[in-house]
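Protein chains get the first letters and strands the later ones, always in sequence-line order, with residue 1 at the start of each.
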Amino acid sequence: DIQMTQSPSSVSASVGDRVTITCRASQGISSWLAWYQQKPGKAPKPLIYRASFLHSGVPSRFSGSGSGTDFTLTISSLQPEDFATYYCQQGNSFPYTFGQGTKLEIK
Amino acid sequence: QVTLRESGPALVKPTQTLTLTCTFSGFSLTTSDLCVSWIRQPPGKALEWLARIDWDDDKYYSTSLKTRLTISKDTSKNQVVLTMTNMDPADTATYYCARTLAGTTLCDYWGQGTLVTVSS
């Protein structure tokens with residue numbers, strides 16, 4: 001199975017800050033990477049697919065990049081509603097696997 | 001619009017078999033490229049991918065759980081069923097179903113999830 005490792009596990013930031021979250025795959029996954037946002041008690045919401053494509057309705061302050069084994073999710077200017085946990089997920093090969101999550105907290 | 005809803009028992013005993021049903025609307029699993037996945041999340045922990053069934057009836061499973069999982073679909077009822085045998089307290093989790101696009105592998109619509117507790 002492909003292992004997905006996110007860093008950091010948690011990060012504190014302020015409204016207006018630029019934040020970057022990293023996801024590393026244990027082997028190359030081309031661009032088959034998605035990012036999800038999850039708030040407490042809620043189902044995850046899709047943000048990014050194929051590493052860099054913004055899902056419909058997602059604000060443009062979210063962006064994704066990377067290919068192969070190293071990927072990033074960037075939020076250009078944090079808004080209050082962005083404080084949540086973020087997960088990456090590889091779709092290159094079965095079984096699909098998720099990262100362990102990155103919790104974005106208010107500083 | 002696309003909606004999915006998970007249903008099943010909230011409490012199961014160890015060694016029992018869990019059967020979860022995902023009832024969806026707004027799409028058909030006879031449409032090319034469409035799939036339904038199951039994902040779970042133990043309390044306070046990360047998401048774990050479990051299984052996927054495709055429009056053409058291809059099926060895929062978690063490596064660690066594949067001997068215990070079965071996924072099936074009933075296209076006439078717009079339902080996907082996941083069964084998990086030999087339930088253990090470690091299987092306590094919220095179970096989600098999600099529509100998945102094969103072409104992007106993105107889970108673009110999710111159900112609200114159903115909490116399953118395994119306890120005697």
Side-chain angles (χ1 to χ4, degrees), chain A residues 1-10 21 23 25-27 29-58 62 64 67 71 73 84-103, chain B residues 1-6 20 22 24 26-27 33-54 58-69 71 82 93-115:
Chain A
D1 295 5
I2 297 174
Q3 185 173 355
M4 306 301 293
T5 304
Q6 291 181 231
S7 60
S9 296
S10 65
I21 298 168
C23 179
S26 61
Q27 62 189 75
I29 59 169
S30 185
S31 297
W32 295 103
L33 187 96
W35 289 97
Y36 299 88
Q37 176 195 70
Q38 187 181 33
K39 296 183 178 179
K42 301 294 187 182
K45 291 184 176 180
L47 297 174
I48 302 277
Y49 64 96
R50 292 299 308 273
S52 61
F53 292 88
L54 211 61
H55 181 60
S56 175
V58 174
F62 290 91
S67 67
F71 301 86
L73 172 71
T85 299
Y86 292 84
Y87 292 93
C88 62
Q89 176 232 316
Q90 67 85 13
N92 179 75
S93 61
F94 292 102
Y96 292 170
T97 43
F98 287 91
Q100 82 278 16
T102 295
K103 187 173 184 179
Chain B
Q1 78 278 23
V2 173
T3 64
L4 302 97
R5 186 184 77 250
E6 306 86 353
L20 293 173
C22 176
F24 56 87
F27 69 97
D33 196 55
L34 296 185
C35 323
V36 170
S37 301
W38 284 93
I39 299 104
R40 72 177 180 181
Q41 185 172 39
K45 296 189 177 181
L47 300 168
E48 179 183 14
W49 185 89
L50 299 178
R52 191 181 99 175
I53 189 165
D54 294 359
D58 280 347
K59 301 165 187 174
Y60 307 92
Y61 294 101
S62 159
T63 301
S64 60
L65 293 170
K66 62 183 175 182
T67 61
R68 300 172 53 205
L69 292 175
I71 192 170
L82 181 76
T94 296
Y95 287 75
Y96 297 99
C97 64
R99 190 182 83 160
T100 308
L101 307 177
T104 64
T105 73
L106 180 73
C107 295
D108 65 342
Y109 290 92
W110 293 63
Q112 64 186 17
T114 186
L115 175 62

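Counting heavy atoms of neighbouring residues, nucleotides and ligands inside a 6.0 Å radius, atom NZ of A:Lys39 exceeds 12 of them. In the displayed structure, B:Tyr60 atom OH is contacted under 6.0 Å by more than 12 heavy atoms of other residues, nucleotides or ligands.
Using a 4.5 Å cut-off between heavy atoms, A:Pro44 touches chain B through backbone and side chain atoms alike. With a 4.5 Å cut-off on non-hydrogen atoms, A:Tyr96 touches chain B through its backbone and its side chain both. Of the two parts of A:Leu33, neither the backbone nor the side chain holds a non-hydrogen atom closer than 4.5 Å to a non-hydrogen atom of chain B. Within the 4.5 angstrom heavy-atom criterion, no atom of A:Lys45 approaches chain B. B:Lys45 touches chain A through its backbone: at least one of N, CA, C or O sits under 4.5 Å from a heavy atom, while the side chain does not. At a 4.5 Å heavy-atom cutoff, the contact between B:Glu48 and chain A is made by backbone atoms alone. For chain A, the nearby part of B:Tyr61 is the backbone; its heavy atoms alone come within less than 4.5 Å.
Contact between A:Gly99 and B:Ala46 at its shortest, heavy atoms only, is O-CB, 4.0 Å. Closest of all the heavy-atom pairs between A:Gln89 and B:Thr105 is NE2-O, 3.9 Å. The two residues A:Pro95 and B:Ser62 come nearest to each other via the heavy atoms CB-CA, 4.0 Å. When every heavy atom of B:Tyr96 is checked against every heavy atom of A:Lys42, the shortest pair comes out as OH-O, 3.4 Å.
Distance OG1/B:Thr104 to NE2/A:His55: 9.0 Å, rounded to 0.5 Å. Residue B:Leu106 holds its CG atom at 9.5 Å from CG of A:Leu47, rounded to the nearest 0.5 Å.
No side-chain heavy atom of B:Trp110 sits under 4.5 Å from any side-chain heavy atom of A:Gln38. Looking at A:Tyr36 and B:Cys107, their side chains come closer than 4.5 Å, going by heavy atoms from C-beta outward. Looking only at side-chain heavy atoms (C-beta outward), B:Ile39 and A:Phe98 come within less than 4.5 Å of each other.
The aromatic rings of A:Phe94 and B:Trp49 sit tilted, their planes meeting at an angle between 30° and 60°.
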